[in-house]
Visitor: 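Here it is, the structure, as structure tokens.
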There are 2 protein chains.
Amino acid sequence: MRTDAKRNRARLIEVAVQVFTEYGVDASLNEIAKRAGVGSGTLYRHFASREALLRAVVSERFASLTAYTRGLLDAPPDGTTLRSWLRAVIDHVTTFPGLASSVMAVLDGGASELAADCGGVRTSGEALLDRLQEAGVVDGDVEITDLLKLVNAIALATERMPGGRPQAERLLELVLRGVETRR
Amino acid sequence: MRTDAKRNRARLIEVAVQVFTEYGVDASLNEIAKRAGVGSGTLYRHFASREALLRAVVSERFASLTAYTRGLLDAPPDGTTLRSWLRAVIDHVTTFPGLASSVMAVLDGGASELAADCGGVRTSGEALLDRLQEAGVVDGDVEITDLLKLVNAIALATERMPGGRPQAERLLELVLRGVETRR
DNA sequence: ACCTGAACACCGTTCAAGT
DNA sequence: ACCTGAACACCGTTCAAGT
């Protein structure tokens, strides 16, 4: 790769983080190209689709979430393990407005460019969930995909509201505990 | 109102239902005007904003959901009342793709044109929730806004997926029961 | 090889001109 | 009083022309 191409690529990712943070994942790609001081065609040359650009921006973050999840597996599980993990999931999926929507598409079986990165989280999360179920902390019939969808739904619903994070916390608590009276 | 104006208005609502069903609530307004055989300005004259058009389309449906909710109050509450009500909420909020997102904005305190219609559902739902809590069927510290947000989050997350309705059902079940083991 | 930016087909929204 | 549709400022995406 030519050095100017390499520099353009790096610059585009850098600017994409700013613009995605500001306007969300559906922000104008022309705007990103302009702010990066690059023709719009250059953006498309480096990133064939919006998904490809998004992936370049979030893949390392998702990898670190996977690492964190694996770390939780090393410690003996207690009553706060699941809560901590799900909080971390919400944090990551909430990095940019609109990200949760893309992740949901992957969870639904869509073959997005994000699928590989989400897969790591899913797999490590599944191991963690198994462990928690063996320890009797989580109901045995809960499935990892449903759990992730539900938590992601909370992120999706709260990501655009002011004070969304504490709101997400309340809903997460409700999900963990359940709505119906314990009998 | 002139008779041609009245006819145009009715026609626009009729077409909006079709187009919203097909493309979701963010569908092109120009497309709706064109299909209705009307200039784009005419659409804006009758409905000052997309929200206004959306409201014209869903307000009667939301009123009937409110009526249904009040009906549930007349019967003695049992273990299936809450489930039935939340299912009905999901059904209504899922009428068009993207509707749940607008409803969520209202639940968050936004002053949308849908607010009045959502208010009826909220108020009647609050009465139902109180009743269920008195009967000991639902945990006493569950709040109506949180419950509606959570259910709406499920709708939001599943509305665009194929087989979304059964998926929503699974997640609703998880919410009612809770994730953690009952102690 | 890589980049540029005009071009195309779309949006939402407004408003002068018509009836 | 109401309607039309061109006009404007935006999108995403492509591709001939440049270096």
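Residue numbering restarts at 1 for every chain, and letters A, B, ... go by the order of the sequence lines.
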Visitor: Between B:Leu29 (CG) and C:dT13 (P), how many Å, whole number?
Guide: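 Rounding to the nearest Å, CG of B:Leu29 and P of C:dT13 are 6 Å apart.
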
Visitor: Considering heavy-atom distances to DNA chain C, does B:Asp26 or A:Gly41 have its closest nucleotide positioned more toward the 5' end?
Guide: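 Its nearest nucleotide lies further toward 5', so the answer is A:Gly41.
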
Visitor: At 4.0 Å (heavy atoms only), tell me whether A:Ala33 reaches a base, stays on the sugar-phosphate, or touches nothing.
Guide: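 Since no nucleic acid heavy atom lies under 4.0 Å of A:Ala33, the category is nothing.
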
Visitor: Which nucleotide wins on minimum distance to the side chain of B:Tyr44, given the candidates C:dT4, D:dT13, C:dT13?
Guide: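 Out of C:dT4, D:dT13, C:dT13, the nucleotide with an atom closest to B:Tyr44's side chain is C:dT13.
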
Visitor: Classify B:Thr42 by what it touches in the nucleic acid, base, sugar-phosphate, or nothing, heavy-atom distance under 4.0 Å.
Guide: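 Here B:Thr42 touches the bases of the nucleic acid.
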
Visitor: Check whether the side chains of B:Thr94 and B:Glu159 place a donor and an acceptor atom closer than 3.5 Å, and report yes or no.
Guide: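 No, because no side-chain N or O of B:Thr94 sits under 3.5 Å from a partner of the opposite role on B:Glu159.
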
Visitor: Identify the nucleotide, in any strand shown, that forms a Watson-Crick or G-U wobble pair with C:dT13, with both distances under 3.5 Å; if there is none, say none.
Guide: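 Paired with C:dT13, as far as the under-3.5 Å criterion goes, is D:dA7.
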
Visitor: Calculate, to the nearest 0.5 Å, the distance between atoms CD and CG belonging to A:Gln133 and A:Leu82 respectively.
Guide: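 One finds 9.5 Å between CD of A:Gln133 and CG of A:Leu82.
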
Visitor: A:His46 side chain: which of D:dT4, C:dC3, D:dT13 is closest?
Guide: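 Among the listed nucleotides, the one closest to the side chain of A:His46 is C:dC3.
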
Visitor: Can you identify which nucleotide, out of D:dT4, C:dC2, C:dG12, has its nearest atom closest to the B:Val38 side chain?
Guide: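 Closest nucleotide among those given: D:dT4.
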
Visitor: Using whole Å, what does the distance between atom C1' of nucleotide D:dC3 and atom NZ of B:Lys34 come to?
Guide: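 Rounded to whole Å, this separation is 18 Å.
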
Visitor: To the nearest Å, how far apart are A:Asp4 CG and D:dG18 P?
Guide: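 Rounded to whole Å, this separation is 19 Å.
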
Visitor: Using whole Å, what does the distance between atom C1' of nucleotide D:dT13 and atom CD1 of A:Ile32 come to?
Guide: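 In whole Å, D:dT13 C1' and A:Ile32 CD1 are 14 Å from each other.
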
Visitor: With sugar-phosphate meaning primed atoms plus P, OP1 and OP2, does A:Asn8 contact a base, only sugar-phosphate, or nothing at under 4.0 Å between heavy atoms?
Guide: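 If one applies the 4.0 Å heavy-atom cut-off, A:Asn8 turns out to touch the sugar-phosphate alone, with no base involved.
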
Visitor: Is B:Ser28 close enough to C:dG12 that one of its side-chain N or O atoms is under 4.0 Å from OP1 or OP2 there?
Guide: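 Looking at the OP1 and OP2 atoms of C:dG12, one of them is under 4.0 Å from a side-chain N or O of B:Ser28.
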
Visitor: Sub-3.5 Å donor-acceptor pair from the side chain of A:Glu31 to the main-chain atoms of A:Val19, do we have one?
Guide: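 Not confirmed, A:Glu31 side chain does not pair with A:Val19 backbone.
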
Visitor: Just N and O in the side chain of A:Arg45: are any of them under 4.0 Å from OP1 or OP2 of C:dC2?
Guide: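 For A:Arg45, the contact criterion (side-chain N or O under 4.0 Å from OP1 or OP2 of C:dC2) is met.
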
Visitor: Provide, to the nearest angstrom, the distance between the CZ atom belonging to A:Arg50 and the P atom belonging to D:dT14.
Guide: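 Result: 13 Å.
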
Visitor: Give a yes or no answer on whether the side chain of B:Arg177 reaches the backbone of A:Arg177 with a donor-acceptor pair at less than 3.5 Å.
Guide: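 Side chain of B:Arg177 to backbone of A:Arg177: no pair is present.
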
Visitor: Out of curiosity, A:Asp4 CG to A:Asn8 CG, how far, rounded to the nearest 0.5 Å?
Guide: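 It is 6.0 Å, given to the nearest 0.5 Å.
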
Visitor: In the strands shown, is C:dA1 matched to any nucleotide by a Watson-Crick or G-U wobble pair with both distances under 3.5 Å, and which?
Guide: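 The base-pairing partner of C:dA1, which may sit in any strand shown, is D:dT19.
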
